Amino acid sequence: MRTAIVVGAGIGGVTAAVALQSCGWEVMVLERAPALGEVGAGISIWPGAVTVLNELGVKGIDKSGALSGPAGLRKARGSWVVAATDLGVELPVMIHRAQLHELITAEFGPAVTVRTGYKVATVSQDDDGVLVNGSLRADLLVAADGLRSVVRGALHPQYAGPQYSGYTAYRGIADIPATGGGETWGPAQRFGIAQLIDGRTYWYATANQPAGQGGDLATVIRRYGNWHDPIPELLANTRTTLQNDIYDLPLPLVPFAIGRIALLGDAAHAMTPNLGRGACTAIEDAGALARHLSGTPDPVAALAQYDAERRPIATKLVKRSRQIGRVGQLDNPAAIWLRDLLLWAGGGVTRGAAALRRKR
Ligand SMILES: Cc1cc2nc3c(=O)[nH]c(=O)nc-3n(C[C@H](O)[C@H](O)[C@H](O)COP(=O)(O)OP(=O)(O)OC[C@H]3O[C@@H](n4cnc5c(N)ncnc54)[C@H](O)[C@@H]3O)c2cc1C
């Protein structure tokens with residue numbers, strides 16, 4: 001049986017393990033954390049990634065997202081800039097990260113072994129295979145070791161690595177349901193609301209600040225506690241918050257494969273979360289990896305095809321996500337006025353087009 005090592009057991013790594021297992025590989029997952037699992041709050045899984053998960057046999061993730069009540073883009077006092085409910089937009093499945101991770105790892109069969117508390121420090125390769133930390137051998141290595149990937153650093157020592165976006169993100173789960181959802185844009189800060197499939201409400205918020213400044217639930221309440229309903233109530237029903245400074249990787253992205261080593265997920269293409277697609281792209285990477293490995297007995301050729309397919313897609317997403325972040329985090333009042341006007345006018349055009357589509 002062909003053997004693969006997957007470095008990192010985040011959503012990208014565990015999906016890669018299931019994908020490799022599905023095409024006949026024996027997989028060892030190496031994770032530096034002492035236990036398997038995900039922290040974090042909610043996550044949006046868009047239809048392309050849902051399809052991959054369904055194809056891999058991951059259960060419990062419905063094809064269509066659900067939303068009740070009004071949704072779209074609002075201003076801090078609650079007036080609508082763009083309402084999305086009747087525009088026929090695709091909806092993601094909103095799920096807690098820990099639940100998603102559990103649903104994926106539930107598909108691990110006997111071909112997948114996991115070593116937690118194992119930190120990868122070195123990787124090398126020759127014509128016959130890969131070598132990790134000078135002792136573990138396999139035919140192939142998938143590096144899903146995240147934003148600050150050690151493997152990417154080893155393969156591409158000249159690459160600049162993560163760059164700070166200028167804003168931080170807070171995330172939390174409110175133990176109450178909310179109707180509707182979407183984002184509210186204020187000056188240099190945004191607040192998002194999404195209904196989780198388990199009935200609770202996921203919220204996130206962004207704010208411009210220097211990297212490393214930190215912040216907690218009290219900071220969030222101070223900043224957004226007087227925004228429109230149901231934001232104050234959601235915050236009052238939240239027990240804790242996560243805070244992460246937002247980074248992405250500089251363009252051009254490095255090749256996603258060299259020889260028998262592939263980069264996947266944030267290790268390859270960490271993007272700002274403005275499109276809610278980083279993990280989805282990692283899941284789709286895993287699906288593509290399995291497809292190319294199934295198509296040829298030559299893993300080096302398969303990885304080259306994987307890079308050719310995935311890098312252009314990820315590059316566009318990194319770029320678009322960064323642009324949305326820049327517009328969403330504007331702090332100049334004149335620029336914000338113009339932005340909101342353009343969005344409002346754009347919403348009118350889209351509404352008109354949707355109405356025409358419905359008439360036909
Ligand atoms: C605020 C925020 C909101 C987001 N919202 C969404 C969303 O709604 N939808 C979406 O699709 N994406 C979203 N994302 C992006 C998403 O979180 C990431 O793209 C995704 O989690 C990346 O998964 P990964 O497995 O590639 O990397 P990671 O989740 O970073 O996993 C890497 C794993 O590798 C391990 N590791 C690292 N180094 C080593 C080593 N040397 N040896 C062994 N193990 C190692 C780590 O411990 C970790 O478990 C969001 C991101 C942020 C910050």
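Throughout, residue positions are numbered sequentially from 1 according to the sequence presented. This one's a predicted model, so the numbers in the text were calculated from it and none came from an experiment. Both ligands and their constituent atoms are indexed starting at 1 by order of listing.
In summary, the side chains of Thr272 and Asn274 do present a donor paired with an acceptor at a separation below 3.5 Å, with no hydrogens or angles considered. Between the side chains of Gln125 and Asp127, no donor-acceptor pair of N or O atoms lies under 3.5 Å. Between the side chains of Gln189 and Tyr167, no donor-acceptor pair is found at a separation under 3.5 Å. With hydrogens and angles left out, the side-chain atoms of Thr184 and His228 include a donor and acceptor closer than 3.5 Å. Defined by atom type and a distance below 3.5 Å, a donor-acceptor pair is present between the side-chain atoms of Asp216 and Thr219.
The closest approach between a heavy atom of Trp46 and any atom of ligand 1 is not below 4.0 Å. The shell of residues lying under 4.0 angstrom from ligand 1, judged by heavy atoms, includes Ile11.
Ion pairing of Arg310 with Asp285 is present here, as a side-chain N (NZ or NE/NH1/NH2) and a carboxylate O approach within less than 4.0 Å. Salt-bridge check for Asp126 with Arg137: passed, with a basic side-chain N closer than 4.0 Å to an acidic carboxylate O.
Ligand-side atoms of ligand 1 in range of Tyr118: 42 (N), 43 (C), range being under 4.0 angstrom from any heavy atom. For ligand 1, the atoms closer than 4.0 angstrom to any heavy atom of Val150 are 41 (N). The contact set between ligand 1 and Gly12, taken as ligand atoms under 4.0 Å from a residue heavy atom, comprises 24 (P), 25 (O).
Under 4.0 Å from ligand 1, the heavy atoms of Leu30 that appear belong solely to its backbone. Heavy atoms of Met271 found under 4.0 angstrom from ligand 1: none, in either backbone or side chain. When heavy-atom distances to ligand 1 are checked against a 4.0 Å cut-off, Ala279 comes that close through both its backbone and its side chain. Only the side chain of Pro273 comes within 4.0 Å of ligand 1, judged by heavy-atom distances. Under 4.0 Å from ligand 1, the heavy atoms of Arg277 that appear belong solely to its backbone.
With Tyr202 as the aromatic partner, Arg97 does not meet the cation-pi criteria of under 6.0 angstrom to the ring centre and within 45 degrees of the ring axis. Figure legend: cation-pi geometry between Arg223 and Tyr170 absent, as NZ or CZ is not positioned both under 6.0 Å from the six-membered ring centre and within 45° of its axis.
Here's the thing with Gly276: one of its N/O atoms is less than 3.5 angstrom from an N/O atom of ligand 1. Taking any N or O of Ala267, backbone or side chain, none lies under 3.5 Å from an N or O belonging to ligand 1. For Lys119, no nitrogen or oxygen atom sits less than 3.5 Å from a nitrogen or oxygen atom of ligand 1, counting backbone and side chain alike. Checked by distance only, ligand 1 and Arg97 come closer than 3.5 Å through their nitrogen or oxygen atoms.
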